[in-house]
Amino acid sequence: MNHFLDIHKTDAADLRSMIEEGRRMKQARAGRTRGAPDDEQPLAGRMVALIFEKPSTRTRVSFDLGVRQMGGETMVLSGADLQLGHGESIADTARVLSRYVDMIMIRTFEEAILLELAEYSDVPVINGLTNRTHPCQIMADVMTYEEHRGPIRGKKVVWCGDGNNVCASFLHGAGQFGFDFTFTGPAELDPEAEFIELARAKGAKVEIEREAGKAVEGADLVVTDTWVSMHDSQSTRQRRHNLLKPYQVNEALMERAKPDALFMHCLPAHREEEVTSAVMDGPRSVIFDEAENRLHAQKAVMRWCLGV
Ligand code: CP
Ligand code: NVA
């Protein structure tokens, strides 16, 4: 049994084989309707609990659909409806759910909740986003980059803006998939030093460049995300906007990247804030491929977790 808790906690060879498996399963579905089952039904007879303590469109729909395509069933639970939200311990929740379901995917706030759930669960636990990381997104993003441009190893990825949870998982990805990573944003919103060190320890070249235009020079991939994440207090909104304005991804900034550079955003996006519509809807944008590939990459993650 494998938990999928973070990119840096998962064996690099296993991550690579999940990307290949996701690609293979996607190709095998070519021409089918979205709801049609896969030929292979590795999750037949399995029940997967999808727990959401924060809102979600992509994670909710892609996990639910992915389980069904592979022959399994899901129950989607909101944190507020569970006793978890009313004082039952995480450890007891994990022990109880393990008696009912075959796998648990959770989107939550503090990373400690995810880690405790995994510690006391007898079934695999998947991280569907915490305040600190979002590993499933990076699996989809690596798959998407490689579909368009071939191997990501050695490429230059530039993150613009807030050094948030998605940025953290990109840093982990730099170490595990072997790409270079440049962060450009205000010092106050730098990614955690621990994560930068982790990536460097794995041999990734990690740089911090305060000037966005300079940072994207030579970039193969430019990535951004919302300026205010779900766990950020709305009271910080104005301050964050002021700090992050110079890091908006617009056409002028993309002009300074390589001519074939791609643009990514995990979505949901705030158009004309962290990124302009011209970039989001422009020829370098692969944002909807990323969203689709959440489905395929996560199906491979779930098979790895269950060993099926
Ligand atoms: N990218 C992502 O995780 O989207 P949702 O918040 O809609 O799940
Ligand atoms: N950084 C964002 C990602 C949403 C998928 C958040 O945590 O709100």
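Each ligand, and each atom within it, is numbered from 1 in the order the structure gives. All residue numbers in this chain count up from 1 along the given sequence. Quick caveat: nothing in here was measured; it's all calculated off a predicted structure.
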Is the shortest N/O to N/O distance between [X] and ligand 2 below 3.5 Å?
X    : value
M230 : yes
D225 : yes
S229 : yes

May I ask whether [X] places a heavy atom under 4.0 Å from ligand 1?
X    : result
R60  : no
H134 : yes
L129 : no

_Contact check: M230 vs ligand 1, nitrogen or oxygen atoms, below 3.5 angstrom_ =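 No; the residue has no nitrogen or oxygen that sits under 3.5 Å from a nitrogen or oxygen of the ligand.
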If you take all heavy atoms of [X] and [Y], which pair is closest and at what distance?
X    : Y    : value
L244 : G161 : CD2-C, 3.3 Å
V123 : D102 : CB-O, 3.4 Å
L5   : T133 : O-OG1, 4.4 Å

*Which atoms of ligand 1 have any heavy atom of R294 under 4.0 Å away?*
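Heavy-atom distances to R294 below 4.0 Å select 1 (N), 2 (C), 3 (O).
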*For ligand 1, which atoms sit closer than 4.0 Å to a heavy atom of C266?*
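Going through ligand 1 atom by atom, the ones under 4.0 Å from C266 are 1 (N).
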*Do K258 and D220 sit within salt-bridge range, that is, some charged N less than 4.0 Å from a carboxylate O?*
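Counted as a salt bridge, because a side-chain N and a carboxylate O are separated by less than 4.0 Å.
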*Decide, yes or no, whether a salt bridge links R24 with E40 under the criterion of side-chain N to carboxylate O below 4.0 Å.*
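A salt bridge is present here (some side-chain N lies under 4.0 Å from a carboxylate O).
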*Check step by step if salt bridge (Lys or Arg N to Asp or Glu O under 4.0 Å) holds for E146 and R16.*
CA-CA 12 Å; E146 296 193 336; R16 174 47 63 194; 2.7 Å; yes
*Can you list the atoms of ligand 2 that are under 4.0 Å from a heavy atom of L129?*
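Going through ligand 2 atom by atom, the ones under 4.0 Å from L129 are 3 (C), 4 (C), 5 (C), 7 (O).
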*ligand 2 atoms in contact with N164 (distance to a heavy atom under 4.0 Å)*: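 Ligand 2 atoms under the 4.0 Å threshold to N164: 1 (N).
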*Option of least heavy-atom distance to atom 7 (O) of ligand 1 (set: I287, T226, V61, T57)*: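 The nearest heavy atom belongs to T57.
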*Pick, from R58, R107, K54, the option with the minimum heavy-atom distance to atom 6 (O) of ligand 1.*
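Result: the heavy atom closest to atom 6 (O) of ligand 1 is in R107.
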*Test item: F263 and V275 side chains (from C-beta on) under 4.5 Å apart, heavy atoms*: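 Result yes, sub-4.5 Å side-chain heavy-atom pair found.
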*For D162 and R240, what are the C-alpha separation, side-chain angles and deciding distance, and is it a salt bridge (Lys or Arg N to Asp or Glu O under 4.0 Å)?*
CA-CA 9 Å; D162 182 14; R240 287 175 157 272; 3.0 Å; yes
*Among K26, E292, R294, side-chain contact (heavy atoms from CB on, under 4.5 Å) partner for M143*: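 So the option named by the test is K26.
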*Taking non-hydrogen atoms only, is D162 closer than 4.0 angstrom to ligand 2 via side chain, backbone, both or neither?*
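Within the 4.0 Å criterion, D162 makes no contact with ligand 2.
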_Which residue and atom name correspond to the protein heavy atom nearest atom 7 (O) of ligand 2, and how close is it?_
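Residue, atom and distance for the closest contact: N165 ND2, 2.8 Å.
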*Would K214 and E217 count as a salt bridge (Lys or Arg N to Asp or Glu O under 4.0 Å) if you check the C-alpha gap in whole Å, the side-chain angles of each, and the deciding distance to 0.1 Å?*
CA-CA 5 Å; K214 235 191 234 171; E217 273 167 21; over 6 Å; no
